[in-house]
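Below you'll find the structure, written out as structure tokens, and then a few comments.
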Amino acid sequence: MIDLSPRNRTSRTALLVVAGILVLAVLFRVLSPVLVSSALVRDRVETAVEAWLGHDVTIDSVPQLEFWPRPMVTLRGIVIRQEDRPGSPVLGHIDELSANFSLLKALTGNPVFQNFTLVGPDITVRTKAGGRLNWSNQGLLGAAVRHAVSTDPAETARPLPEAEIGDVTISGGRLTVETADGRSLVFERINGALDWDDLTAPARLRARAEVRGVLLDIDLSTAQPLQLLGGASASLDLALSSSLMTARFSGRADLARTAFLSGDLQMTVPKIADVVQWANLPVHTADALHDVTLSARLVTLDRVMRFDQLTISANGSSGTGVMDLSMATDTQPPRVTGTLAFDRMDLRALVMAISDDQQEMGPLDPAREPPFERQLGFDARFSVKTASYGTVSLTNAAVSLLSDARRAEVEILDSEMLGGSMSGQISMRLMPKPATKIRLAARNVDFEALAKQLSLPGPLFSAPASIDLNLDLAKPLSLAKAEDVTGSLHLSAASGSIPRLDLDAFRRLASGSGYFSLEKAREGRTDFNSLDLKAEFAAGSARITDATIDGETYVMHLSGVVPYQTRSLSLIARVDSKTGGASHRAFIGGAWPNPVIWPAPDGLRP
């Protein structure tokens, strides 16, 4: 018996409805290839891309349509031209483009595309005079950007056009950026994805590209993509990673202004020299830095980028402070200024880096303005707990670094050294001719300890000493040799002693007729009340013009020549007695620290 109860009639009706829907869906999928015109889809894709970009788009191939599991169109040979005319410049081409589309809207003759896949896109962006680009801003995207950044109430009152984007996948892409002055930067082997649901939604780009032979991973996201593209202030989270460096920024950016960034920055660079070489930078001031880590709060004020709350580590040393990077103007190159506190600093590495930077400038071009001969200027102050120059160590040092188109200077404003103080300056001039000046002034330093730091052979005196050193070089410091040095030295000391020198034995031996070694006068020591030495440097030798050692019962005078490369001596010594005894003269020759002495007649000169 057939059950015709209301309950069974309802179930049977529901099954018939479901079956009908399934039949319609199958028929819809089966008949779609017949109902949807491939020529229509191709025309619609051309029209859609042209509307987005504001440029002429042509497609050479017949679209391939797929309807399972989702409707998708694939086109090949897409060319983007400046405009629709013969000989118009090509802005780019795409080997293959795939996109999903709405089947219902396609059947009505108005397909809408989203979730694009670009295979082999090759795009060129050129900047022209005045900063204009070769790409138009008249398309749908350009109109949306103008709307987002406009301050015109009438413009902002109009609603944005509805446009779904979805996911954009890029495979094997290439982007060439060319500037008006002929420089170019090429991003090759671009693979990644852009997630951007619609024009009002946040966007995120994750991609990998090869730049000058180095793979670079990029992760960029913003809640305001239209404002970012239009140069208005917009949120930005950016992470870069490569074998050369890693960096992360989170804050706000404004591309309309020069390098406007405001937010938190972290950066790690294993070797600065590798980055300089990769980026083809003309500045080598920081080439010697390695294992660099940096974190700061970026604040941009007009054309100045401030690194506030800066913490930086390099070469095993770390510092904190504030630094400013002033952007280049029409008349001035970029410039770094600020103040940092370091626990340690290698002054020799700093000086040689500045010297190498001057040297790398090469011959000057008289047609160019001097400020552009140096690509980066410095005006910085450092406070350093421990500073070193070779084997010499300083504490609590105040150091300044100054460089511009014409000169570079490293100055020790003040420091503590071996119980005394030291200040100095190394100045390297580039124009009009290369030259280097070295000025050092030490007061009340332990000379014996200084001699040990410098590994000077003895015997040398033990006393607090003051030193004034002035040296000149007619070339960059990194190219200088000992024979290139000219200048002067003034050394003075209060009461002290000369260990391993018995002046009484020296006078006794000098009164004889034969030569003797200084070893025979090294039993004991010689005390003095004061010591004063003046010397001049030239042609690889130091000429001692006047040296006086004043003791209780004697005064010793020295003069002569010391070739400091060979450490050979050619000196005349005269010892005068304060007690009425005879004066003694001797010629000192041979090599220090064990010279040979001959008694010398009056009138003999070295």
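Just so we're clear, the structure is a prediction, and the values are computed from it rather than from any experiment.
The residues R381 and D379 are annotated as salt-bridged, a charged nitrogen and a carboxylate oxygen being separated by less than 4.0 angstrom. Between D343 and K385, no side-chain nitrogen of the basic residue sits less than 4.0 Å from a carboxylate oxygen of the acidic one, so the salt-bridge criterion is not met. Contact check on R525 versus D527 returns a salt bridge, with a Lys/Arg side-chain nitrogen under 4.0 Å from an Asp/Glu carboxylate oxygen. Under the 4.0 Å criterion applied to side-chain N and carboxylate O atoms, R306 and D324 are assigned as salt-bridge partners. A salt bridge is defined here as a Lys NZ or Arg NE, NH1 or NH2 lying under 4.0 Å from an Asp or Glu carboxylate O, and D502 with R522 fails to meet this definition. Using a 4.0 Å cut-off between a side-chain N of Lys or Arg and a carboxylate O of Asp or Glu, R297 and D264 qualify as a salt bridge.
D237 and S250 are linked by a side-chain donor-acceptor pair at a separation below 3.5 angstrom, with hydrogens and angles left out of the test. Judged purely by distance below 3.5 Å, without hydrogens or angles, the side chains of S517 and N594 pair a donor atom with an acceptor atom.
By the neighbour-count criterion of 12 heavy atoms within 6.0 Å, atom CD of E416 is densely surrounded, having more than that number from other residues, nucleotides or ligands. A 6.0 Å sphere centred on CZ of R507 holds more than 12 heavy atoms belonging to other residues, nucleotides or ligands.
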TODO: Report the C-alpha separation of F187 and T176 in whole Å, then their side-chain angles, then the decisive distance to 0.1 Å, and conclude whether the side chain to side chain contact (heavy atoms under 4.5 Å, CB included) test is met.
DONE: CA-CA 6 Å; F187 295 80; T176 303; over 6 Å; no
TODO: Dump the intermediate steps for side chain to side chain contact (heavy atoms under 4.5 Å, CB included) on R543 and F537, then the final yes or no.
DONE: CA-CA 6 Å; R543 176 173 289 277; F537 303 101; over 6 Å; no
Open item on the list: Walk me through whether L340 and T320 qualify under side chain to side chain contact (heavy atoms under 4.5 Å, CB included).
Closed with: CA-CA 5 Å; L340 285 174; T320 58; 5.7 Å; no
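Among H490, R439, R443, the one residue that satisfies the side chain to side chain donor-acceptor pair (under 3.5 Å) test with D468 is R443.
Contact check for P599 versus F587: no side-chain heavy atoms found under the 4.5 Å cut-off. A heavy-atom distance below 4.5 Å is not found between the side chains of V292 and T268. Two residues are said to be in side-chain contact when any heavy atoms from C-beta on lie closer than 4.5 Å; K578 and Y554 fail this criterion. Residues L394 and V384 are not in side-chain contact: their nearest non-hydrogen atoms beyond the backbone lie 4.5 Å or more apart.
Rounded to the nearest 0.5 angstrom, F378 CZ and T337 OG1 are separated by 10.5 Å.
In this pair, F516 and F506 present their aromatic rings perpendicular. The plane angle is above 60°, beyond the 30 to 60° band.
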